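What follows is a short report on a single structure.
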Amino acid sequence: MTGNGPRSTTANPPSSEGGFAVVVVAAGSGTRLGHGIPKALVALDGRPLLEHALRGIRGAGLTGPVLVTVPAGDRELSATARAHGARPVTGGASRAESVRKALSELARSEPACTAVLVHDAARCLAPPEVFRTVVDRLRAGERAVVPVLPVADTMRRVDDAGRSLGTVDRTVLRAVQTPQGFDLALLRAVNRAAAEAGTDPESVTDDASLVEAHAPGTTVLTVPGHEHAFKITRPLDLVLAEAVLRGRAPVAAAVPVTAGTSATDAPLPALPDRPDPEER
């Protein structure tokens with residue numbers, strides 16, 4: 001570890017006394033989706049996006065505490081969270097502020113937790129195997145784990161006037177997804193360091209970037225993501241999500257992911273028979 005950020009130490013894998021918490025970021029306005037309600041309340045196959053996300057978390061076998069960031073004054077998302085065994089936490093004006101508030105609540109209410117997954121409600125169709133891969137790498141001692149996909153499109157750099165500055169080598173680029181997994185002490189420390197450094201919360205679009213900025217001696221490990229873990233942001237994304245749901249076939253029941261078992265040995269869960277700066 002270099003610089004003035006949190007010191008890098010050898011991580012202890014989550015133990016049976018601690019385990020994994022999940023923070024679901026669901027306080028975003030959903031302006032680009034155009035429904036006039038918080039994005040996580042928008043219906044997909046008759047259920048709000050948040051419900052799909054929470055069912056996916058439990059379907060992956062994660063049995064630890066789940067916190068959901070919600071807009072100030074919210075009732076509907078809070079009710080959905082409670083109905084699925086999660087706790088609502090009032091979010092902030094940005095995604096980064098919402099995550100920070102959830103981490104503070106975890107410190108208060110779940111002092112034994114040692115690792116956390118941060119997941120966007122808008123990526124509500126992320127398959128169980130993505131969660132399990134992240135959990136397994138945390139259990140193996142990694143401190144920051146991020147699911148990614150290769151970039152398929154040609155990428156170009158442009159200047160302020162829109163003129164092309166050349167093609168970027170896409171073989172070294174990856175599209176980042178959630179859930180992102182972290183050693184909980186590390187994520188708290190880099191959030192604290194970002195606040196002390198006066199980092200603009202609106203500039204923080206994911207949590208791994210805080211680790212890279214404020215704990216540069218810490219490795220951020222990338223693992224394979226999944227095409228179904230796309231972010232629902234535009235109306236077209238809802239059409240695609242409906243198609244994904246129609247195409248999914250039932251699979252075997254879930255086995256809880258606990259600190260004494262290997263998540264990769266667990267069968268895939270049965271799907272339910274019927275769950276930007278905008279993300280907070």
Side-chain angles (χ1 to χ4, degrees), residues 5-7 9 11-28 40 50 53-54 56-58 60-72 74 77-78 80-121 123 126 131 134-135 137-139 141-146 178-196 199 201 204 206-211 214-215 218 220 256-259 263 279-280:
R7 289 188 305 164
T9 59
N12 293 318
S15 67
S16 57
E17 292 79 20
F20 302 87
V22 182
V23 171
V24 180
V25 183
L50 176 61
L54 293 174
I57 290 166
R58 295 311 187 195
L62 291 164
T63 58
V66 178
L67 275 61
V68 177
T69 67
V70 299
D74 164 79
L77 288 172
S78 296
T80 298
R82 294 188 183 100
H84 291 270
R87 269 184 312 211
V89 177
T90 299
S94 67
R95 185 186 192 282
E97 291 171 339
S98 292
V99 171
R100 203 168 295 158
K101 288 189 173 188
L103 294 178
S104 295
E105 174 59 20
L106 270 180
R108 185 194 69 79
S109 62
E110 302 289 344
C113 280
T114 56
V116 62
L117 306 186
V118 181
H119 186 44
D120 293 336
R123 299 184 187 272
F131 287 89
V134 173
V135 165
R137 299 311 300 170
L138 288 172
R139 183 175 290 116
E142 299 292 343
R143 304 188 73 203
V145 184
V146 178
T178 69
Q180 297 184 5
F182 303 93
D183 173 87
L184 184 50
L186 170 67
L187 191 57
R188 285 176 180 149
V190 296
N191 271 274
R192 185 166 56 249
E196 292 171 354
T199 302
V204 181
D206 83 331
D207 302 281
S209 64
L210 290 179
V211 175
H214 298 285
T218 301
V220 176
V257 176
T258 59
E279 292 303 328
R280 303 196 303 274

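Only this structure's heavy atoms are used, side chains among them; waters, hydrogens and symmetry mates stay out. Just so you know, these numbers come straight off a predicted model, no measurement behind them.
- With sequence neighbours excluded, the residues forming a salt bridge (charged side-chain N to carboxylate O under 4.0 Å, His left out) with R87 are E110, listed by chain and number.
- Heavy-atom minimum distance, A121 versus A26: CB-CB, 3.8 Å.
- Interatomic distance, CZ of R192 versus CG of L210, reported as 12.5 Å (0.5 Å rounding).
- At least one side-chain heavy atom of H214 sits under 4.5 Å from a side-chain heavy atom of T199.
- Residues V25 and V118 meet the side-chain proximity criterion, which asks for heavy atoms closer than 4.5 Å.
- Between N191 and L187 there is a side-chain heavy-atom pair separated by less than 4.5 Å.
- In this structure, D120 and R95 have side chains that are in contact, with non-hydrogen atoms separated by less than 4.5 Å.
- Of the candidates L106, V89, T178, L106 is the only one forming a side-chain contact (heavy atoms from CB on, under 4.5 Å) with V23.
- Contact detail for L54 and A86: the closest heavy-atom pair is CD2-CB, 4.1 Å.
- The pair E105-R108 meets the salt-bridge criterion, since a charged nitrogen lies less than 4.0 angstrom from a carboxylate oxygen.
- Proximity of S109 to P65: side-chain heavy atoms (C-beta onward) are nowhere separated by under 4.5 Å.
- What you find for G85 and R58 is that their closest heavy atoms are O-NH2, 3.6 Å.
- Of the candidates L184, L138, V116, V134, F20 forms a side-chain contact (heavy atoms from CB on, under 4.5 Å) with just one, namely L138.
- When all heavy atoms of S98 and T69 are compared, the pair lying nearest together is O-CG2, 3.5 Å.
- Between L77 and P71 there is a side-chain heavy-atom pair separated by less than 4.5 Å.
- Side-chain contact between V220 and Q180: absent, with no pair of heavy atoms (C-beta onward) separated by less than 4.5 Å.
- The shortest heavy-atom contact between F131 and A60 is CB-CB, 3.8 Å.
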